[in-house]
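Position 1 is the first residue of the sequence; numbering continues from there. When a ligand or atom number is given, it counts from 1 through the structure's own listing order.
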Amino acid sequence: MKGMPLPVKIRFTKKCQRCMRSFPHLARACPHCRDITDGAELEAFIQCYQQELAESRGLGNIFLFLAALLLLALLVMSVT
Ligand SMILES: [Zn+2]
């Protein structure tokens, strides 16, 4: 073992080199792309996942924005 200890959630999953999704370390084959053949089908699957990631990142930004807004509102209320 070297480097920083990883959070438990990550330690028990590994990243699939085909589809880049993480799956349980104990699984012998990636359950996400096991049934997908190489080529266009796999590429479309990966692209779909990238889109999902981008969308969840966008959602995270919205929550951050709302939290900042709430903090600002609290500050304004405490001043007045
Ligand atoms: Zn996979």
### Message
Just checking Leu69: does its CG atom have more than 12 heavy atoms from other residues, nucleotides or ligands closer to it than 6.0 angstrom?
### Response
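Count over threshold, so yes.
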### Query
More than 12 heavy atoms of other residues, nucleotides or ligands under 6.0 Å from CD of Gln50: is that the case?
yes
### Query
So which protein N/O/S atoms does the Zn ion (ligand 1) have within less than 2.8 Å?
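Correct list: Cys16 SG, Cys19 SG, Cys30 SG, Cys33 SG.
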### Message
Checking Arg34 now: which residues fulfil salt bridge (charged side-chain N to carboxylate O under 4.0 Å, His left out) with it, not counting sequence neighbours?
### Response
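By the salt bridge (charged side-chain N to carboxylate O under 4.0 Å, His left out) rule, Arg34 matches no residue at all.
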### Query
Does Asp38 have any salt bridge (charged side-chain N to carboxylate O under 4.0 Å, His left out) partners at least two apart in sequence or in another chain, and if so, which?
Arg18
### Summary
Going by chain and number, the hydrophobic cluster around Leu74 (ILVMFWY, side chain to side chain under 4.5 Å) further includes Met77
### Query
Would Met20 and Phe45 show up in the same hydrophobic cluster when neighbours are defined by side-chain heavy atoms closer than 4.5 Å?
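In one cluster with Met20: Phe45, no.
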